[in-house]
Amino acid sequence: MSVILSFVGSGDDEIRRELVRSRNVFNNFYGHLPQELSQLRRLKIISFSKNNFSGVIPSWIGNFSKLEQLRLSYNSFTNLPKEIGNCRKLKVLKFGVNQLFGTIPSTVFNLSSLQDLYLGYNHFSGSLPNDMCKNISNIQFLKFTSNKLRGRLPSSIGECTNLQEISFGENKFVGGIPTSIGSLTKLKNIYAYNNTLSGLISPIFNISSLEVISIGNNNFSGDLPIDICDKLQMLRYLYIRKNGFTGSIPRDIWNCSFVELDFSSNHLTGRVPREIGNIDDLMFINLGSNSLYGEIPHAIFNSTKLQLLYMHDNNFSGSLPSYFDFWLPNLQKMLLWGNKLIGGFPSSITNSSDLIELNLSYNNFSGFIPNTLGNLRHLSFLNLANNKFTTHSDSIDQWGFLTSLASCKQLTTLCISSNPLNGILPAYVFGNLSSSLENFIFEDCQLKGKIPIEIGNLTNMIMFALSGNELIGSLPITIERLQRLQLLHLFNNELHESIPHALCNLQNLFRLAISENELSGPIPSCIANLTSLRYLYLDSNKFSNLSSSLWGLNDILEIDLSSNAFKGSLPGTIQSLRTLISLDLSSNQFSGDIPITLGDLQTLQYLCLNNNKLQGVIPESLGSLVSLLSLDLSNNSLSGVIPQSLVKLIYLTNFNVSFNKLKGRIPIEGPFRNFSAQSFMGNNGLCGSTRLQVPLCKNSSLHEHKSKIIVVLEFVLPTIAVTIFIVLLVVVIMRRRYSKRKTSSSNGGYISLPEWRIVSYHELFNATNGFGDDIDEQFISAKKDGILSILKLALNCCEEHAEQRPNIGDVVNSLKTIKTKYLRSIEATRPLRITQRRS
């Protein structure tokens, strides 16, 4: 611990010293702040930054009335006590890079002497007070970077008139830039990147003192001011990437002394001003992912200080200058991919000896790749894919550019895919390339011959991709030396023979794609040793034997074995593939039943078993595949019905069971509402909606379901109604007889219940034409209404007092009304009944 002692008084017998500063930075102190520290009340500076302190900051921190600087950054403290507001003389408060959470105590914004507040890289939440600057007008540095603050930026920000730097970056602020910010005449740096701020940024361009503007990753919009450099002559760093800015790049851009300029991922259009090459101090420029067009100004390639040049993903055209005096001597990275550039490879680029990354992919460059690439001794990443580069096919030095790359000892990625190189890869290339090479990607290059056994020399290889060529022969057994290999892409070639057992030694292999070749024989059982394998594509070969060990790859995500010659039944142990997302076994000769254990694959999204010889029924268990998006069982010999359980597959968008031997009703619920006739064609036994181009069902499960309802309405409910009617009559008769003993028998014209003949169910049945014999849904409603009307009438007839019961004439009229209403209901549906019977 280093201390500064202040001698405030002395005498002959004593020397009184007071500790006013405590600095303990870059140590390994841990635990909590010691209680003994609270006794040093006259401390002016406490600095314990970059240690391992943790826990809460004690409330006694507010007892330091003379404290001017409190620096506790880079620890693991969890709270900021409100008592900090008692330190009235505090000028510097730095708690950045801790684990502080909760809201920022409002007392912090009452520290009128505060000049530097750093609370960045914590977990503070809530919003900043709108009157934040009311009491901290002396503040010069406000830093809230990387928290979880939300809401709008305080409108009072303009009251912090001494502010030099403000950082709101990496939070969740919304709304626009407060207009009051334009009055901060001393402001030099503003950081508001990675929020959800929106609107125009015009208030910022009124601050002539600005040197840094970083507002990337927001939703700002509008055009950039055409006089941006007239207003902001001090501006050096401008970052506005990933917003919604439109319009063109201001022509006066060269009047600024920019060091770094990032306009990427906006909606800028037009040409790049030629004058941009006149910015002498420019070190980094990123105009990528816009809609800029025209030529890239040649003058920019003569910028002697430029280190990073990103103009990718635009519509630039024309060619690059071949010869310049300097050609970016300090250039480290150049990204020009995704444009419409033409011409030959700019050979002068090999003079940029500090170049680390070069990406010219997805353009229209042509000609030969120069043999001078080896001059780029620091080159780590080279991507020339999707152009029209060729090789000297008639030259002894056809692959000279590859030979020269042997000098690039730091090269990790080499991608030349989709160029018509047209030749045989020489074996010596793999012997000379840097051992640091991790990615070798030469897909769709018209390569011929065999894969050289020297590939085993590239022991650091992570991705080896030669797909889409004309390679022959077998996989070299030396491939087992590539112990770091994760991706092996050799699909769409003419490789033959079988998979060598050496492949099973690649313990880190993550993706194996050797589809569309002429490989044959069995799948080696040792493939189960590839415990890191997640994607396996062996489709479109001539494999014939499938080892059961394949189903032991418990963590695999996708398997494609389609278009081979596999036979036999599907194993029941398939349920062990618990994480499987896609399974394609189509176009083979699998037979037997579909295993019910397939229903255990809860993560499965794509299942293709079409074009096989599968038999039996579709298992009900497939209804448990809750994640399924696509199910194809077409062109098999499946029988039985389509399981009703499949209606539960709410995410199913593609379904095909065409050309099987299925029968019964096609479900109409759930996802089946959206399937077309193509999903069911070629199954003569299916029936359902005419929309699906199948016959209407006669005895389908739907009609059976409706018939159950009809039974209830035609027999059960009428029987219950009549039973209730009879019971009520008996009760009333008994009570009536009892009342006759005490009262007169005169009824005044009302129904004499003992004389009312009980009407049988069959008479009611005949009176209403049997409540109908059809099974249409319209009849169900009519029958229900009839029964309810009769029950209501029966209850009215059973009232206790005679004067409340209807007379016989009203009863007859009510029955006639019920009959007439019922007949009209069934008459309205007669055409439909006739159509159904004829069909």
Side-chain angles (χ1 to χ4, degrees), residues 356-358 369 373-374 376-385 399-417 421 423-443 445 447-469 471-491 493 495 497-514 517 519 524 526-538 553 555:
I356 297 173
E357 181 176 343
L358 175 62
I369 302 172
L373 283 177
L376 305 174
R377 300 301 174 91
H378 301 288
L379 190 64
S380 173
F381 182 97
L382 176 62
N383 190 348
L384 306 179
W399 299 96
F401 78 93
L402 277 180
T403 304
S404 68
L405 287 174
S407 301
C408 303
K409 301 301 182 182
Q410 301 177 38
L411 188 64
T412 60
T413 297
L414 177 58
C415 180
I416 318 289
S417 294
L421 300 181
I424 299 175
L425 278 177
Y428 65 83
V429 167
F430 293 98
N432 295 331
L433 285 175
S434 170
S435 60
S436 62
L437 192 63
E438 296 178 348
N439 304 296
F440 187 89
I441 309 168
F442 277 59
E443 297 181 314
C445 290
L447 299 179
K448 300 175 176 63
K450 297 182 178 181
I451 300 174
I453 60 174
E454 286 78 5
I455 185 182
N457 295 332
L458 303 176
T459 54
N460 284 305
M461 191 76 71
I462 293 176
M463 179 178 183
F464 185 65
L466 295 176
S467 300
N469 286 292
L471 299 173
I472 60 174
S474 59
L475 291 173
I477 60 174
T478 53
I479 201 170
E480 66 180 346
R481 299 179 192 169
L482 310 183
Q483 288 298 301
R484 297 186 63 203
L485 193 66
Q486 296 180 21
L487 292 92
L488 179 59
H489 286 188
L490 299 174
F491 58 87
N493 278 286
L495 300 174
E497 297 186 17
S498 59
I499 297 177
H501 282 70
L503 193 68
C504 299
N505 296 325
L506 302 177
Q507 293 298 308
N508 290 302
L509 195 62
F510 181 81
R511 185 184 182 100
L512 175 59
I514 52 177
N517 279 284
L519 298 169
C526 64
I527 201 168
N529 298 337
L530 301 177
T531 54
S532 298
L533 194 63
R534 297 295 181 270
Y535 300 90
L536 177 62
Y537 305 110
L538 305 180
L553 294 171
D555 297 318

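Because only heavy atoms are used, hydrogens play no part in the values below, and waters and symmetry mates are left out as well, while side chains stay in.
A donor-acceptor pair under 3.5 Å links the side-chain atoms of Asn517 to the main chain of Asn493, judged by distance alone. Looking only at distances, no side-chain donor or acceptor of Ser467 sits under 3.5 Å from a matching main-chain atom of Glu443. Looking at Trp399, its side chain never comes within 3.5 Å of a backbone N or O of Gly423 through a donor-acceptor pair.
A search for salt bridge (Lys or Arg N to Asp or Glu O under 4.0 Å) contacts involving Arg484 returns Glu438, not counting sequence neighbours. Partners of Ser404 under the side chain to side chain donor-acceptor pair (under 3.5 Å) rule, at least two apart in sequence or in another chain, do not exist in this structure. Listed by chain and number, the residues in a side chain to side chain contact (heavy atoms under 4.5 Å, CB included) with Ser434 are Ser436 (sequence neighbours excluded). For the salt bridge (Lys or Arg N to Asp or Glu O under 4.0 Å) test, residues two or more places apart in sequence or in another chain that qualify with Lys448 are Glu470. Scored by the side chain to side chain contact (heavy atoms under 4.5 Å, CB included) test, Ala427 finds Pro452, Glu454 as partners (sequence neighbours excluded). Among residues two or more places apart in sequence or in another chain, the side chain to side chain donor-acceptor pair (under 3.5 Å) test is passed with Asn529 by none. Evaluation of the ring pair (Phe, Tyr, Trp, His ring centres under 6.0 Å) rule for Phe442 yields Phe440 as partners, not counting sequence neighbours. Applying the side chain to side chain contact (heavy atoms under 4.5 Å, CB included) test to Leu376 and every residue at least two apart in sequence or in another chain returns Leu355, Leu373, Leu379. Ser417 is linked by a side chain to side chain donor-acceptor pair (under 3.5 Å) to nothing, counting only residues two or more places apart in sequence or in another chain. For Phe510, the side chain to side chain contact (heavy atoms under 4.5 Å, CB included) partners at least two apart in sequence or on another chain are Gln486, Arg534, Tyr535. Not a single side chain to side chain donor-acceptor pair (under 3.5 Å) links Arg481 to another residue, sequence neighbours left out.
Inter-residue side-chain proximity for Leu466 and Ile451 is flagged as met; some heavy-atom pair is nearer than 4.5 Å.
One distance of note links CG of Leu485 with CG of Asn460; it measures 11.5 Å at 0.5 Å rounding. Note that CZ of Phe401 and CG of Leu405 are 7.0 Å apart. Values are rounded to the nearest 0.5 Å. Between atom CG of residue Leu475 and atom NZ of residue Lys450 there is a gap of 12.5 Å, rounded to the nearest 0.5 Å.
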Using atom types as modelled, flag every donor-acceptor pair under 3.5 Å from a side chain in residues 497-508 to any protein atom, sequence neighbours excluded.
{"residue": "Asn505", "atom": "ND2", "partner": "Glu480", "partner atom": "OE1", "Å": "2.7"}
{"residue": "Gln507", "atom": "NE2", "partner": "Cys504", "partner atom": "O", "Å": "3.4"}
{"residue": "Asn508", "atom": "ND2", "partner": "Gln483", "partner atom": "O", "Å": "2.8"}

